[in-house]
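A quick write-up on the structure given underneath.
All values below were derived from every heavy atom in this structure, side-chain atoms included, with hydrogens, water molecules and symmetry-related copies excluded. Here the structure is a predicted model, which means the values were calculated and not measured.
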Amino acid sequence: MVVGILTVELFIGEVHSLKEKRKVLKSVIDRIKKRFNVSIAEIGEQDIWQRSTLGLSMISNEQAYVHKVFAAVVKFIETQGMLTITDYQIQLF
């Protein structure tokens with residue numbers, strides 16, 4: 001069994017309030033959950049309106065599959081217009 005954790009740090013350039021940030025993140029989080037079947041939540045920078053840290057996790061029986069899914073998630077986030085990935089990290093246990 002392989003447990004994968006993906007931590008993604010984001011810059012959200014076009015929002016001007018926490019309310020706008022939460023609306024953008026909720027939309028992206030819901031689409032990621034539906035498309036990739038991973039657990040995801042905002043885990044940091046909740047009170048800063050242009051920054052966010054998302055945490056994702058998944059369990060699989062193959063490391064390669066976890067890397068494949070997380071690479072697809074990162075690529076998906078990069079295609080979202082308002083979000084810029086400033087850093088990400090993958091950990092496997």
Side-chain angles (χ1 to χ4, degrees):
M1 178 173 70
V2 178
V3 177
I5 298 174
L6 171 64
T7 306
V8 183
E9 295 179 16
L10 300 171
F11 176 75
I12 311 163
E14 298 181 24
V15 297
H16 303 291
S17 68
L18 286 173
K19 186 176 183 177
E20 287 180 37
K21 172 190 169 181
R22 290 186 186 111
K23 181 180 177 184
V24 169
L25 285 179
K26 181 172 178 5
S27 173
V28 171
I29 287 171
D30 288 345
R31 284 183 278 157
I32 289 172
K33 280 181 186 178
K34 192 180 277 188
R35 179 179 254 177
F36 299 103
N37 194 26
V38 296
S39 296
I40 181 171
E42 184 178 17
I43 60 169
E45 313 291 352
Q46 285 101 339
D47 295 333
I48 300 173
W49 51 272
Q50 284 191 317
R51 302 198 65 77
S52 180
T53 302
L54 299 179
L56 294 87
S57 66
M58 69 176 295
I59 296 174
S60 178
N61 58 349
E62 296 180 13
Q63 288 185 359
Y65 182 72
V66 174
H67 276 290
K68 179 181 171 184
V69 171
F70 283 165
V73 170
V74 168
K75 198 174 271 191
F76 177 79
I77 292 171
E78 289 173 340
T79 65
Q80 306 307 301
M82 299 180 97
L83 304 175
T84 303
I85 296 176
T86 57
D87 191 23
Y88 72 92
Q89 180 180 18
I90 297 173
Q91 298 174 313
L92 300 176
F93 299 97

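For the pair Q89 and L6, the minimum side-chain heavy-atom distance is 4.5 Å or more. Side-chain contact between I59 and V2 is absent, with no heavy atoms from C-beta onward closer than 4.5 Å. V66 is listed as a side-chain neighbour of M58, based on a closest heavy-atom distance under 4.5 Å. Contact of the E45 side chain with the E9 side chain is not registered, since no non-hydrogen atoms from C-beta on lie closer than 4.5 Å. Side-chain contact between L83 and V28: present, with at least one pair of heavy atoms (C-beta onward) separated by less than 4.5 Å.
The salt bridge (Lys or Arg N to Asp or Glu O under 4.0 Å) pairs that include a residue from residues 53-75 number zero, where partners must be two or more places apart or lie in different chains. Residue pairs meeting the ring pair (Phe, Tyr, Trp, His ring centres under 6.0 Å) criterion with at least one member in residues 62-93, sequence neighbours excluded, are F36-F76. Among residues at least two apart or in separate chains, side chain to side chain donor-acceptor pair (under 3.5 Å) pairs with a member in residues 15-26 are K21-E42, K26-D30.
Residues passing the side chain to side chain contact (heavy atoms under 4.5 Å, CB included) test with T7 are I5, I43, T53, sequence neighbours excluded. For K33, the side chain to side chain contact (heavy atoms under 4.5 Å, CB included) partners two or more places apart in sequence, or in a different chain, are I29, I40. Residues that satisfy the side chain to side chain contact (heavy atoms under 4.5 Å, CB included) test with E78, not counting sequence neighbours, are V74, I85.
Of all heavy-atom pairs spanning F11 and T86, the tightest one is CB-CG2, 3.9 Å.
Cluster membership for L92 and V3, using ILVMFWY side-chain heavy atoms within less than 4.5 angstrom, is not shared.
Taken from CD in Q50 to CD1 in I48, the straight-line distance is 10.5 Å, to the nearest 0.5 Å. Considering OG of S52 and CD1 of I12, their distance stands at 5.0 Å, rounded to 0.5 Å. In this structure, the separation between CE on M82 and CG on L25 is 10.0 Å, given to the nearest 0.5 Å.
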Step-by-step side-chain contact (heavy atoms from CB on, under 4.5 Å) determination, L10 to T84
CA-CA 6 Å; L10 300 171; T84 303; over 6 Å; no
